[in-house]
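A short write-up of the structure that comes next.
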There are 4 protein chains.
Amino acid sequence: MSAEGQRAGRPRDSRVDASILAATREVLAETGYARLTVDAVAARAGVGKAAIYRRHATKQEMVFAATVHTMELPAPADTGAFITDLAALIDDVLATLGNPVALVTVPGLLAEITSDADLTVRFQQTFMERQRECVRAVLDRAVQRGELDEPPQTDLVHAMLVGPVFAWLFMIRGQSPEVFARDLAARLTSAFTGPSPSSPALVHLKSR
Amino acid sequence: MSAEGQRAGRPRDSRVDASILAATREVLAETGYARLTVDAVAARAGVGKAAIYRRHATKQEMVFAATVHTMELPAPADTGAFITDLAALIDDVLATLGNPVALVTVPGLLAEITSDADLTVRFQQTFMERQRECVRAVLDRAVQRGELDEPPQTDLVHAMLVGPVFAWLFMIRGQSPEVFARDLAARLTSAFTGPSPSSPALVHLKSR
Amino acid sequence: MSAEGQRAGRPRDSRVDASILAATREVLAETGYARLTVDAVAARAGVGKAAIYRRHATKQEMVFAATVHTMELPAPADTGAFITDLAALIDDVLATLGNPVALVTVPGLLAEITSDADLTVRFQQTFMERQRECVRAVLDRAVQRGELDEPPQTDLVHAMLVGPVFAWLFMIRGQSPEVFARDLAARLTSAFTGPSPSSPALVHLKSR
Amino acid sequence: MSAEGQRAGRPRDSRVDASILAATREVLAETGYARLTVDAVAARAGVGKAAIYRRHATKQEMVFAATVHTMELPAPADTGAFITDLAALIDDVLATLGNPVALVTVPGLLAEITSDADLTVRFQQTFMERQRECVRAVLDRAVQRGELDEPPQTDLVHAMLVGPVFAWLFMIRGQSPEVFARDLAARLTSAFTGPSPSSPALVHLKSR
DNA sequence: GTTTAAGCGAGACGGTACGTCCTGTCTTAAC
DNA sequence: GTTAAGACAGGACGTACCGTCTCGCTTAAAC
């Protein structure tokens, strides 16, 4: 008598898992998030809808599972200098958010995440936490190298790094993201290696 | 001498226009974008669905019309210094994106805009163009004051200003946005008044 | 100063009355009752919808007014014999129900009349009463001529005369209504000049 | 060896079929044809609208399916004589058209059938063909008994039998249909057992 | 080698919202 | 005060999608 849930019967077919996720990405690429339907994914995967819902509680979870893992940042390369570390990290973020599938998925997915508390938690604990780690690693290295004396708040750096990339892709819809990425890295380096952030003028401003 | 087709028949009732948009905002505030329905808006506005669809081709257009104009930035105040101008502009952006209605609307609306070419164009020509103007005005003033010698690209500043605010609100979901806004203003000042952006190291990086 | 309801302002344009009714008949002929809309009639008549509703309380009343009067039977000709009087009357009924407009209108109109108490009353008092008069006139003449000794119930004759024509046109959808009309007249003559209606066999049957 | 396409997937639930048709009849009885809505039927049946439209292409088809089969005539009883056979057949017709559900359904249904070519065909091939068979059977029996020498045209008898009943119920709106039915049977017996139908007078009339 | 319990493709199910259409009323400016 | 034009509230239509549920079958592990 085994202690755990005893799993009799036919085990799940891992090829089904894979084909659902692959089909999700294909349908996303073809129709975008807004026009993606579960039936279309099932048909594309050659799979019944029940097989999908046995694995993913909702359509949102399915898309989340199909895309978020492919958007996780790799470990940030140590390039030897803060500025190039930043540039490399920005390039990685751009690669995860700027590829064709992500371009038609990210806004819709973000909207779903925002309106669903469970997804919000998981999004924070996986995708966002991974990004935070990468940012922290780059900052720590810069401190160790002596490029930064006191490291700025991770969340601030995080927002100033991911936010502009997101805005460029989905709001500004600017051209040549590579040029943008290089300029952004340079500006961020200035921002964090420059003079003290809490200028008297701002303190003054706050009191208005 | 009437130039145009002169519109016989009963004219549109502007109170209906207003009550549709107001009801849309109310329903958004109560249920969020994802759970908003056209029937709910019609019922709330005391209006038939036909009156809505006579004015807005789709639900998306209706929400767009109801919210985008309320998110337009005011003219940026001249505070006397670049850093405080930036801080004021950031506060304005925060006010437009961080109010209770915007918090439950912006991600969904951005997703719809992204998946609809018409909305994209209108979004660019209204909301984004207005933001760009404000950014440009602040930069121009800084140049005139001598705080900046050669102004950075407007789009870059735009992305580095709006992007972090957006990321803070909808991705990082960080606390105390006022503190964040002040820190961001300081860092951006450093970023744009600091040393030259095109460092040799980055040129080198690009060739990898 | 007139004594009665004083009718200030512009009087109704009788050409509008006529063009509404004519347009109704045209639209009926083209699309049939089921697909007739008030807007289509208004457009066809070159008239506003208000002008229609000022004259007719509902769509049903409008169609009623446009068609029922054209379906009223003429006074039955005195042909000299019961059988030919019947045949002439049947021909008249066939002409009122079997013309192209009536063919696409009568079933729909009958359905509306059936589901509306007001229309039912008016239908009985105008169209049906007129038919009853015609039937009665033919029967009276036959009695005066000595072709019938005691006249059968008017309503029974009425049903046996109009019913078969209606059934032929809208249920059986039989061919050559002229031949049918002639045969029907002959059979009805037999029916009403034949032996006594209350046969012992039927009294017996009733008790089963 | 299965001959036909073999229907994978979940089969239709026959209880859903039944409950849709039953609910349709109930709603008809309560509100009449004109005020029947598909949503009301779905709600009453405890069924989604999709389940209805999966079975019936339009509201009209649904009502057709729900009612026409219940209006089919039973096999005509052999009562031993033509007159009583006719009376029994008339009673059956009266029972199918004169019950409470039929009274509020038949005119509306007939109107829909008339305006839809598909329904017309199906109506002819089912309901009307069944009636024709019954009429033919009664006539054949009368010929075999020697009560009729040459049988009259089936369609003519059909029209003269169903038409008056229909007219009595929906146009004349006469009282005591049982008395009417008995009188009608007697008159029809005279009509078809009486003298030759093609009188010289009628031939003469035709030439006017 | 069974047995057996779960997985599988297919597709029907209840429910909900969409966007369209029509009715009968109301509002405008023109006459 | 009527006219043509057309906006108005209300409500039904038929479609589409979601997440659940059967159906008859396959399939691997347990016996």
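Side chains included, hydrogens not; waters and symmetry mates left out as well; all remaining heavy atoms used. Naming convention: chains lettered A, B, ... in sequence-line order (proteins, then strands); numbering from 1 in each chain.
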Problem - hbond_proxy B/Lys49 side chain to E/dG19 base (donor-acceptor, 3.5 Å cutoff) - result: yes
Practice task
May I ask you to verify whether the side chain of A/Arg10 and the base of E/dA6 hold a donor-acceptor pair under 3.5 Å?
Solution key: no
To check you understand the geometry: which heavy-atom pair defines the closest contact between [X] and [Y], and what is its length?
X        : Y        : answer
D/Leu109 : D/Val68  : CD2-CG2, 3.9 Å
B/Thr58  : B/Tyr53  : CA-CE2, 4.3 Å
C/Pro107 : C/Phe170 : CG-CD2, 3.6 Å

Problem - Bend angle of the helix from E/dG1-F/dC31 to E/dC31-F/dG1, end axes from five pairs each (to 10°) - result: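 What I find for the helix from E/dG1-F/dC31 to E/dC31-F/dG1 is an axis angle of 20°.
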Practice task
Report the nucleotide, chosen from E/dC18, F/dC8, F/dC17, that has the shortest atom-to-atom distance to any side-chain atom of B/Thr37.
Solution key: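 Ranking E/dC18, F/dC8, F/dC17 by closest atom to the B/Thr37 side chain puts E/dC18 first.
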Nucleotide [N], atom [atom2] - distance to [atom1] of [X] in whole Å:
X       : N      : atom1 : atom2 : result
D/Arg12 : F/dG24 : CZ    : C1'   : 18 Å
C/Tyr53 : E/dT27 : OH    : P     : 17 Å
D/Gln60 : F/dC13 : CD    : C1'   : 10 Å
A/Ile52 : F/dC17 : CD1   : P     : 14 Å
D/Arg54 : F/dG14 : CZ    : C1'   : 14 Å
B/Asp13 : E/dT25 : CG    : C1'   : 14 Å
C/Ile20 : F/dT2  : CD1   : P     : 13 Å
C/Arg35 : E/dC21 : CZ    : P     : 15 Å

For a quick check of understanding: with a heavy-atom distance under 4.0 Å over all strands, which category does [X] fall into, base, sugar-phosphate or nothing?
X       : result
B/Ala57 : nothing
C/Leu36 : sugar-phosphate
B/Ala42 : nothing

Practice task
Using a 4.5 Å cut-off on heavy atoms from C-beta on, say whether the side chain of B/Thr114 contacts that of B/Thr120.
Solution key: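 They are not in side-chain contact.
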Is there a donor-acceptor pair under 3.5 Å between the side chain of [X] and the backbone N or O of [Y]?
X       : Y       : answer
B/Lys59 : B/Leu36 : yes
B/Ser14 : B/Asp17 : no
D/Arg55 : D/Ala51 : yes

Practice task
Return the 5'-most residue of the pair A/Arg55, C/Asp39 with respect to DNA chain E, ranking by each residue's nearest nucleotide.
Solution key: A/Arg55
Fill in the blank from the handout: Between C/Thr58 and B/Lys59, the residue closer to the 5' end of DNA chain E by nearest nucleotide is B/Lys59
Exercise for the section: Could you check B/Val47 against D/Val38 and say which one's nearest nucleotide on DNA chain F is further toward the 5' end? Expected result: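 It is B/Val47 whose nearest nucleotide is closer to the 5' end.
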Exercise for the section: Return the 5'-most residue of the pair B/Ser14, C/Gly46 with respect to DNA chain F, ranking by each residue's nearest nucleotide. Expected result: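 By nearest-heavy-atom nucleotide position, the 5'-most residue is C/Gly46.
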Exercise for the section: Take A/Arg44 and A/Glu30 through the test salt bridge (Lys or Arg N to Asp or Glu O under 4.0 Å) and record every step on the way to the result. Expected result: CA-CA 12 Å; A/Arg44 167 68 67 119; A/Glu30 289 169 17; 2.7 Å; yes
